[in-house]
Each structure stands twice: as structure tokens, then as C-alpha cells.
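Below is one structure; the comments refer to it alone.
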Amino acid sequence: MKKIMLIACLFLVGSLYGNLSAQVKVNVNVNIGSQPVWGPVGYDYAEYYYLPDVDAYYYVPNHQYIYLDGGRWIFGAALPGRYHYDPYRSYKVVINEPKPYLHPDVYRSRYGKYKGNYNKQQIIRDSRDEKYYVVKGHPMNGKGNQKKYYGDDNNGNKNKDKGHGNNGNNGKGNGHGNGHNKD
């Protein structure tokens, strides 16, 4: 009798585990429309950009630069003039980890070699991929079939297209960093 109860319990636990794992949902993050026009192409989602030329960060959701000043991290809409930073020419590294500025040595050592790599990265403004037409400031913003990527169909239903990055790379881009697309 104990063996039957044990087997029944194991079967019950196994079936519950199977049901729980079957209910796991895939969460896809896409924020192309909120990325700046000077951001690198090839990423469906970018939370932060590391800016090796100025050893600073850009937080995409709040459109804020993060830089060190007197040993403190400052969040601002722009970098101070002393930086002489041109985001259209400079190399950007996509980082999708929380608060990367709290570990600056990691990113300096990993991506410092890209300092001075001017005009070596295609930016959203210069892309002719329709999925970037949703970015405010793109020369084709408001033209083309933006609904195909992130809008809704004529019935008000949200489109499920994930808008993958270049060459079917699932949003991981063709640059460096860890631009994870969570699909």
C-alpha cells in the first residue's frame, strides 16, 4: 500500500510540474521606437548603451545619460559640454543588464578597445529597414508600414511580429555587447 501511495504521489508531483512548466510564457521585449536615432542598428531591445569614448552610459527607457562627476553617478538629459561627445559618430555597446554603471571596470575592460572607433557602426538614422521608421527623428518616420512591426492591424489587434534584428539574428545585433532578445 505504501508503494502505491508513493507512486501516486510521485505521479501527482510529476504532473503538477509538467503543468507548471507548460504554463511558462515567453516574454519578448521590443523597444525600437524608444531608442535614439543615433543608436546602433540590429537590436530589438536595448536598455543601456555603454559609450566607450566618454566612459559613460545612456539609459534608453528614460532617455538619460549616466556619467561620473566627482565620484558620483549623475543622470541627465545631456552630457556636459566638456565631453565633446558626438553620438552619431561614436561607437555604442548595447548592454541589457541592470545598472551596468555600478560595475564600470567590467565594461571599461571589456569594451574600452572600441574607444575612437568613429563611424564604424551603422546607426538607426541611416538605416532603411522599415522597422526603424518608428523611431522619432528617423528621416522616414511616419512613412512606410510601421504597423507591420509594432502597431496594430485594422481590427485593433496588437501585432505579434518580434521585429528581429539584421540577418535573422534574433535581435542580438551584429555588434558587440549582449543585446539579448528574450524569445
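Computed over heavy atoms, backbone and side chain alike; hydrogens, waters and symmetry mates excluded.
Using a 4.5 Å heavy-atom threshold, the side chains of Tyr65 and Tyr83 count as separate. At a threshold of 4.5 Å between non-hydrogen side-chain atoms, the residues Tyr88 and Val37 count as touching. Counting heavy atoms from C-beta on, the side chains of Pro87 and Tyr58 never come closer than 4.5 Å. Side-chain contact between Pro36 and Ile124: absent, with no pair of heavy atoms (C-beta onward) separated by less than 4.5 Å. When side chains are defined from C-beta on, Tyr114 does not count as touching Lys120, because their heavy atoms never get closer than 4.5 Å. Counting heavy atoms from C-beta outward, Val54 and Leu79 have side chains that approach closer than 4.5 Å. Looking only at side-chain heavy atoms (C-beta outward), Trp73 and Pro104 come within less than 4.5 Å of each other. Side-chain contact between Arg89 and Asp53 is absent, with no heavy atoms from C-beta onward closer than 4.5 Å.
For Arg72, the side-chain contact (heavy atoms from CB on, under 4.5 Å) test picks out Ile74, with sequence neighbours left out. Looking at residues two or more places apart in sequence or on another chain, you find a ring-ring contact (aromatic ring centres under 6.0 Å, His included) between Phe75 and Tyr101.
When only modelled atom types and interatomic distance are considered, Asp55 and Tyr50 share a side-chain donor-acceptor pair under 3.5 Å.
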>> Determine whether Gln35 and Tyr132 satisfy the following criterion, side-chain hydrogen bond (donor to acceptor under 3.5 Å, both in side chains), listing intermediate values before the conclusion.
In response: CA-CA 9 Å; Gln35 293 179 40; Tyr132 295 114; over 6 Å; no
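In this structure, Gly33 and Val134 approach most closely via the heavy-atom pair CA-CG2, 3.7 Å. For the residue pair Asp44 and Lys131, the shortest heavy atom distance occurs at OD1-NZ, 3.1 Å. Residues His138 and Arg125 share a closest heavy-atom pair of NE2-O, 3.6 Å. Of all heavy-atom pairs between His103 and Lys99, the closest is CD2-O, 4.1 Å. Shown here for Tyr45 and Asn96, the closest heavy-atom pair between the two residues is O-ND2, 3.3 Å. Taking every heavy atom of both residues into account, Pro52 and Val93 meet most closely at CG-CG2, 4.4 Å.
Distance check: Tyr67 OH to Asp69 CG gives 6.0 Å after rounding to the nearest 0.5 Å.
Aromatic ring centroids of Tyr85 and Trp38 lie 6.0 Å or more apart.
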